[in-house]
Amino acid sequence: MDEESLDPDDWAGFRAQAHRMLDDMCSYLETIRTRPVWQPMQAQARAPFRSPMPAEGRTLADVHQQFMTQILPHTVGNPHPAFFGWVHGGGTPVGMLAEMLAAGLNVNLGGRDQIPLEVERQVVRWMADLFDFPEGASGVLVTGSSMANLLALLVARHARLGDAVRQHGLVAYAASTAHGCIAQALEASGLGRASLRIIPVNEHAQIQLPELQRAIRADRAAGLTPFFVVATAGTVDVGAVDDLAGVAAIAREEQLWFHVDGAYGALGMLAPPLRPLLQGIQQADSVACDFHKWGQVPYDAGLLLVRDGAAQLAAFSAADRYLRRDLRGMAANSPWPCDLGLDLSRGFRALKVWMTLQVHGADKLGRTIYQTCQLAQYLAERVRAQPQLELLAPVTLNIVCFRYRDHEPTVNALNAALVVAVQESGLAAPSLTSLDGQLAIRCAIVNHRTQARDIDALLAAVLSCGAQQLFERHAASR
Ligand SMILES: *Cc1c(COP(=O)(O)O)cnc(C)c1O
């Protein structure tokens, strides 16, 4: 029998190729500023990705060449310092290397007795300490906050209602500014979207506490069972922070599970000037947060943290026959991460988080986080100083929503076209959002690489694209 494996026949040649690939990625990151943030793709750019599965392989060098010419130039560009769209982290060279090391080890972090589990547990403990969670807290790394929010809901439901989970009459609460994944989590859990009460927000884009209280009491009076309230630390649209301590007090009084969706904002706890804004997070029953946003860890890396570790374990523990635990041997070291969430096979995400914190340290990460907030204030100031522009939302953290002034009814269309034009220019990349029916140019400054000159470049692009839109409209109307 002709025995084969997928390892290289020529390790020396493979090593040389590996070094070329590493060099190319270092150069990519080193020179990222010189590239367009994003560029539109012609149909021909997609064509190579419509071909059938290859029966025969090609050399790694050949496939790498294709990666360099056909994939690398056509990403959304979030490592670029002038990327401001949505809430995307920039990644780091250290994180890139950690991914390589983790892939080399190819460990499965579902469980079993191995040090990588201790790495994940250490990361979880660091976060538990950051949020002042007690000794018995637990947590699990997941893809991102969408998954973490869903898992939190499942833990809360199990904790409040036990094994005999009732699907009917359970009610959850979140502000109108909550991320869409909260409603999705209710749907995926089987509780349904209708069991989520949407609470209005005040002028600071924070959940209205009296309205929350009123809704809970009305539901109770109607014979329903309020069980879960979500506060957001860093809303995805404008970067507002709900009054966490206020929601915590209501949750305590009403005996609701208090969950904080801190997807991007919770790591603000690393920045001393931001900590007062996040007061109350320490009282959460659970927190969802992302390392791949403000934490700058490469995608993907999210975290669910639960105050009562026993509750998390009770919701998910997975000791089936083939997952038998032991006190010695490789099946020791229980409970395992697979007991704390829904994934059984899972990669070594913890390594890139751990390495990022080990190499850069919490203080420097905190400083880069705060820097994005200072840049947001700088952008807001410059917007206020520009007669063509107006701010559309208060700037609490690192997100600035504004628009190019125009008359109704064309102002929305102008700003939508403007955002596309700026994106297509490759000079900067804001995204678009809708605030009370007003379309806003939304700049989320998340990337540690972003500097004041990138804000200046964004503004120059916005002003020139806005003027161009007006000019074209004028020309068309003549
Ligand atoms: C990004 C974000 C989410 C979703 O997290 P993913 O990591 O993208 O799954 C949820 N809530 C808020 C407030 C967010 O900013």
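Counting starts at 1 for both ligands and their atoms, in listed order.
Among all protein heavy atoms, the one lying closest to atom 4 (C) of ligand 1 is S146 OG, 3.5 Å. In terms of protein heavy-atom proximity, atom 6 (P) of ligand 1 is closest to S145 N, 3.5 Å. Closest to atom 10 (C) of ligand 1, if we only count protein heavy atoms, is H179 CG, 3.3 Å. Shortest contact from atom 7 (O) of ligand 1 to any protein heavy atom: D290 OD2, 2.7 Å. Of the protein's heavy atoms, K293 NZ, 3.1 Å lies nearest to atom 15 (O) of ligand 1.
No cation-pi contact links R160 to F227, judged by a cut-off of 6.0 Å to the six-membered ring centre and 45° from its axis.
Within the 4.5 Å cutoff, the side chain of E390 has heavy atoms near those of the R403 side chain.
The closest side-chain donor-acceptor pair between Q114 and R112, if any, does not fall under 3.5 angstrom. If you check the side chains of D261 and T232, you find no donor sitting under 3.5 Å from an acceptor.
Residues satisfying the ring pair (Phe, Tyr, Trp, His ring centres under 6.0 Å) criterion with Y264, sequence neighbours excluded, are W294.
Every atom of ligand 1 with a heavy atom of C181 under 4.0 Å away is listed here by number and element: 10 (C). Close approach of ligand 1 to V236 (heavy-atom distance below 4.0 Å) involves ligand atoms 15 (O). Here is the list of ligand 1 atoms found below 4.0 Å of a heavy atom in A263: 2 (C), 3 (C), 10 (C), 11 (N), 12 (C), 13 (C), 14 (C), 15 (O). Residue-ligand proximity, G234 to ligand 1, at heavy-atom distances under 4.0 Å covers atoms 13 (C).
Counting non-hydrogen atoms of neighbouring residues, nucleotides and ligands closer than 6.0 angstrom, the CG atom of D129 exceeds 12 such neighbours.
Contacts of D261 with ligand 1, taken as heavy-atom pairs under 4.0 Å, involve the side chain alone. Residue H292 touches ligand 1 through its side chain alone, judged by heavy-atom distances below 4.0 Å.
Of the residues listed (R346, R349, R125), the one engaging E120 in a salt bridge (charged side-chain N to carboxylate O under 4.0 Å, His left out) is R346, and it is the only one.
In terms of modelled atom types and a separation under 3.5 Å, the side chain of R157 and the main chain of S189 share a donor-acceptor contact.
Checking only distances, N149 never comes within under 3.5 Å of ligand 1, N or O to N or O.
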